[in-house]
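A quick write-up on the structure given underneath.
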Amino acid sequence: AQKVTQAQTEISVVEKEDVTLDCVYETRDTTYYLFWYKQPPSGELVFLIRRNSFDEQNEISGRYSWNFQKSTSSFNFTITASQVVDSAVYFCALSEATSNSGYALNFGKGTSLLVTP
Amino acid sequence: ETGVTQTPRHLVMGMTNKKSLKCEQHLGHNAMYWYKQSAKKPLELMFVYSLEERVENNSVPSRFSPECPNSSHLFLHLHTLQPEDSALYLCASSQEWTGQGFDYEQYFGPGTRLTVT
């Protein structure tokens, strides 16, 4: 079963628009970790944020913000005033502390974001 | 060099060839990973090494053979591959999983784009 669902396959916005990328996860663990990565066309996955399950505080970093809601098992990512350089594939990932594969990052299928001028 | 580097960046090989992918991390980490990224599929964890010992093997075919001679280097030896093995192979590194939870983010290299003909 898919542990991380990113329902939006592709999103296209015009520069300066705000855009929210959805991530819904599934786990039975009480301790787990959520991540967002950015994959630009060059291919390298760039770490953006890690959130622990016991810390539901939302976070803002420049134009990026993350909304973690355990009640809905969601960890959504918003880019404010999008720029062309934000064009990339964005992955949400889950790591479960008690998993036999404790090292594993379970990735969603990714959301491809295209920001046009 | 900084971060995680991978060579070669592109590789084309026949089904009967033997080749190796190389990964090197310059972050002082002691866990390293191989992931496979195929089109339209989530990233798949292949192998995990912690302190140079293999701790995870996600049912990967034996035609893929990893090697971790030290905590900074990771290889993926390839032989008699199939066309469906064509993909982007990503290497990552992180701090050792402590057993208390996985809250150390993984840092990825740029990947090797492999084409099997």
Look at the aromatic rings of A/Trp36 and A/Phe75 and report parallel, tilted or perpendicular, splitting at 30° and 60°. tilted
Just so I know, are the side chains of A/Leu45 and B/Leu43 near enough to count as touching, which here means a heavy-atom distance under 4.5 Å? yes
Tell me, side chain or backbone of B/Glu44 under 4.5 Å from chain A's heavy atoms, or both, or neither? neither
If we check side chain to side chain donor-acceptor pair (under 3.5 Å) with A/Arg63, which of these qualifies: A/Thr80, A/Asp86, A/Asp18? A/Asp86
Looking only at heavy atoms, the pair that brings A/Phe68 and A/Asn58 closest together is N-OD1, 2.9 Å
Residues in residues 107-117 of chain B near chain A [non-hydrogen atoms, under 4.5 Å]: B/Tyr107, B/Phe108, B/Gly109, B/Pro110
Sorted by number, residues from residues 71-93 of chain B in contact with chain A (heavy atoms, under 4.5 Å): B/Leu88, B/Leu90
State whether the side chain of A/Gln6 and the backbone N or O of A/Leu21 hold a donor-acceptor pair below 3.5 Å, judged by distance alone. no
Parallel, tilted or perpendicular: which one describes the rings of A/Tyr64 and A/Phe77, with boundaries at 30° and 60°? perpendicular
Hey, are the side chains of B/Trp34 and B/Cys23 touching, using non-hydrogen atoms and a 4.5 Å cut-off? yes
Quick one, A/Gln83 and A/Val115 - any side-chain contact, counting heavy atoms below 4.5 Å? no
Restricting to non-hydrogen atoms, name the atom on A/Arg28 and the atom on A/Glu96 that form the minimum distance, rounded to 0.1 Å. N-OE2, 4.3 Å
Are B/Phe47 and B/Phe64, when compared by the centres of their aromatic rings, separated by less than 6.0 Å? no
